Student: 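One structure is given below, represented as structure tokens, and several questions about it will come after.
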Amino acid sequence: MIDIPIELDKNNSHSWLVMGIELLELQKYTESLQCLEKALKQNSKNLDAVYYMAYVLKRLYRYDESIQLYQEVIKENPFSAFIWHEYGVIHALYLGNGNKSIQCLKKAVSLEPKTWIYSYWLSMVLNDSEKYSDALDVANNFLKFFPDNSAILYCKIHILGNLEKYKEQIETCDHFLIRQEDSTGIAYTKANTLANLKKFKESIVWYDNAWRDGEGFYGIENKRRALEAIKTGNVSDMPFTFHCDGKKFDFSVLCERKRKTK
């Protein structure tokens, strides 16, 4: 049941919209959806209500319904970069449709090339789709505007690793490390890159500052491999990567972890 404020005008679409947004901010998604439905009942052309309904349905895991509403919003407002971005993200994270996501995110970037979140997501999805050169182009195009943006530098560093452009990866790590306070993840990446260049003694220094998170210390196994290479002179063919099993970095791992911790 919705706790309806006395002052709410039950016959006013905008009043129901405002209440729906307030409930959304409180993460009361079911109640929010009920208000937004009432807003549309009062005014079927309330585009804001349609948009927020799409967002709420996404939060309720009703993805097919959310997609249909996003399509309605885009039809009426095809020049909103934010809506194209939202439409692309739902395809990427929840429906696993990388190609459709790329199309939508490219549209968002074309409309607002200087908004970092759009380039960030486009480079992420391209990277996950193993379109590494395209992902790097997106990152570099944004960095022309804002060369110190940490999110895009982060993307570029890992894309360069996937392209095995290790020297350029080191340079980008250093650029990041000079300017950013939170650098433990990049320190670990730099350690891996140095190991891939067979600079094992240098890599050990950076492994000592390796990235820790809630799931454990990623650097231990790779540091052990580097120490073994120094001791024996033998280096396995498996690359030093974000994943100790040799899998190349993909952003979906990071995104999934972020979603679980929200």
Side-chain angles (χ1 to χ4, degrees), residues 81-177 179-180 182-197 211 213 218 238-259:
F82 180 74
I83 293 172
W84 279 108
H85 167 257
E86 287 288 300
Y87 193 40
V89 168
I90 194 172
H91 278 290
L93 273 186
Y94 302 100
L95 300 181
N97 189 339
N99 289 333
K100 183 64 176 180
S101 177
I102 288 167
Q103 293 174 19
C104 297
L105 293 168
K106 280 184 175 179
K107 186 68 176 179
V109 171
S110 69
L111 288 166
E112 292 187 20
K114 293 184 179 181
T115 301
W116 72 268
I117 192 67
Y118 305 151
S119 292
Y120 174 78
W121 271 94
L122 178 55
S123 63
M124 281 203 314
V125 178
L126 286 166
N127 182 79
D128 278 353
S129 302
E130 299 184 357
K131 298 178 180 181
Y132 303 131
S133 294
D134 292 340
L136 183 60
D137 287 342
V138 172
N140 282 334
N141 285 338
F142 182 85
L143 290 170
K144 290 177 184 176
F145 301 116
F146 303 103
D148 296 332
N149 182 277
S150 59
I152 305 300
L153 284 171
Y154 179 84
C155 290
K156 180 177 178 178
I157 286 165
H158 291 291
I159 294 164
L160 288 168
N162 286 333
L163 288 168
E164 299 182 2
K165 294 186 175 183
Y166 296 130
K167 291 183 179 179
E168 189 177 349
Q169 190 181 27
I170 287 285
E171 292 172 359
T172 311
C173 283
D174 288 340
H175 181 88
F176 187 103
L177 290 165
R179 291 163 174 77
Q180 309 299 327
D182 183 12
S183 58
T184 51
I186 303 303
Y188 173 57
T189 301
K190 181 174 179 178
N192 285 337
T193 309
L194 288 164
N196 283 320
L197 290 169
W211 182 11
D213 68 13
Y218 281 98
M238 186 173 70
F240 289 77
T241 63
F242 182 88
H243 301 276
C244 295
D245 61 2
K247 180 182 177 183
K248 291 186 177 182
F249 184 94
D250 85 65
F251 287 100
S252 61
V253 175
L254 180 67
C255 291
E256 184 65 22
R257 186 176 303 137
K258 284 182 176 179
R259 282 206 295 148

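Keep in mind that this is a model prediction, so the values were computed, not measured.
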Student: Distance check, rounded to the nearest 0.5 Å: Ser123 atom OG versus Asp128 atom CG?
Tutor: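 Interatomic distance, Ser123 OG to Asp128 CG, rounded to 0.5 Å: 9.5 Å.
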Student: Assign the ring pair Tyr154 / His158 to parallel, tilted or perpendicular, where the plane angle (0 to 90°) is split at 30° and 60°.
Tutor: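 Geometry flag for His158 against Tyr154: perpendicular rings.
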Student: Should the ring pair His85 and Phe82 be called parallel, tilted or perpendicular, given that the plane angle runs from 0 to 90° and is split at 30 and 60?
Tutor: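 Ring orientation, 0 to 90° scale: tilted.
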Student: To the nearest 0.5 Å, what is the distance between CG (Asn141) and NZ (Lys144)?
Tutor: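 Taking CG in Asn141 and NZ in Lys144, the distance rounds to 4.5 Å.
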Student: Is Phe142 close to Pro113 at the side-chain level, that is, under 4.5 Å between some pair of heavy atoms?
Tutor: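 A side-chain contact under 4.5 Å is absent here.
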Student: If you round to the nearest 0.5 Å, how far is CD of Glu171 from NZ of Lys190?
Tutor: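 The NZ atom of Lys190 sits 11.0 Å away from the CD atom of Glu171.
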Student: Let me confirm one number: the CG-CG distance from Leu197 to Leu194, rounded to the nearest 0.5 Å.
Tutor: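 CG of Leu194 is found 6.5 Å from CG of Leu197.
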Student: Return the OH to CG distance between Tyr166 and Leu160, rounded to the nearest 0.5 Å.
Tutor: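 Between atom OH of Tyr166 and atom CG of Leu160 there are 11.0 Å.
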Student: Measure across Leu126 and Ala135 and return the closest heavy-atom pair with its distance rounded to 0.1 Å.
Tutor: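 Residues Leu126 and Ala135, closest heavy atoms: CB-CB, 3.7 Å.
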Student: Decide yes or no for Lys107 and Leu111: does some side-chain heavy atom of the first lie under 4.5 Å from some side-chain heavy atom of the second?
Tutor: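 Touching, per the 4.5 Å side-chain cut-off.
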Student: Applying salt bridge (charged side-chain N to carboxylate O under 4.0 Å, His left out), name anything that partners Asp137, two or more places apart in sequence or on another chain.
Tutor: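 For Asp137 there are no salt bridge (charged side-chain N to carboxylate O under 4.0 Å, His left out) partners, ignoring immediate neighbours.
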Student: Are Lys106 and Trp84 close enough, and set up right, to give a side chain to side chain contact (heavy atoms under 4.5 Å, CB included), and what steps lead you there?
Tutor: CA-CA 9 Å; Lys106 280 184 175 179; Trp84 279 108; over 6 Å; no
Student: Please give me the minimum heavy-atom distance between Ala92 and Val125, naming the atom from each residue.
Tutor: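 Minimum heavy-atom contact is CB-CG2, 3.8 Å.
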Student: Please lay out, stage by stage, how Lys131 and Ile102 fare under the test side chain to side chain contact (heavy atoms under 4.5 Å, CB included).
Tutor: CA-CA 11 Å; Lys131 298 178 180 181; Ile102 288 167; 4.1 Å; yes
Student: Pick out which of Val138, Val89, Val109 makes a side chain to side chain contact (heavy atoms under 4.5 Å, CB included) with Trp121.
Tutor: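 When Val138, Val89, Val109 are each tested with Trp121, the side chain to side chain contact (heavy atoms under 4.5 Å, CB included) holds only for Val89.
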Student: At their closest point, which heavy atom of Lys114 faces which heavy atom of Phe146, and how far apart are they?
Tutor: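 Lys114 and Phe146 have their closest heavy atoms at O-CE1, 3.5 Å.
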Student: Do you know the tightest heavy-atom contact between Leu143 and Asn149?
Tutor: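 Of all heavy-atom pairs spanning Leu143 and Asn149, the closest is CD2-O, 4.3 Å.
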Student: Given side chain to side chain contact (heavy atoms under 4.5 Å, CB included), test Met124 with Asn127 step by step and report yes or no.
Tutor: CA-CA 5 Å; Met124 281 203 314; Asn127 182 79; 5.7 Å; no
Student: Can you tell me how far NE2 of His175 sits from CD1 of Ile170, rounded to the nearest 0.5 angstrom?
Tutor: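 Answer rounded to 0.5 Å: 15.0 Å.
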Student: Between Tyr120 and Ile152, does a side chain to side chain contact (heavy atoms under 4.5 Å, CB included) hold up when you go through it step by step?
Tutor: CA-CA 6 Å; Tyr120 174 78; Ile152 305 300; 3.8 Å; yes
Student: If you look at every heavy atom in Tyr118 and Ala108, which pair is closest and at what distance?
Tutor: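 The answer is CD1-O, 3.9 Å.
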Student: Please check if the side chain of Ser101 supplies one atom and the backbone of Asn97 the other of a donor-acceptor pair under 3.5 Å.
Tutor: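 The answer is no, because no donor-acceptor pair under 3.5 Å joins these two groups.
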Student: Are the side chain of Asn196 and the backbone of Asn192 linked by a donor-acceptor contact shorter than 3.5 Å?
Tutor: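 Checking the backbone N and O of Asn192 against the side chain of Asn196, a donor-acceptor pair under 3.5 Å is found.
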Student: List for me each residue that meets side chain to side chain donor-acceptor pair (under 3.5 Å) alongside Glu112, sequence neighbours excluded, and say none if there are none.
Tutor: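 With sequence neighbours excluded, Glu112 shows a side chain to side chain donor-acceptor pair (under 3.5 Å) to Thr115, given in chain and number order.
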Student: May I ask you to test the His91-Leu105 pair for a side-chain heavy-atom distance under 4.5 Å?
Tutor: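 Side chain of His91 against side chain of Leu105, heavy atoms only: no contact under 4.5 Å found.
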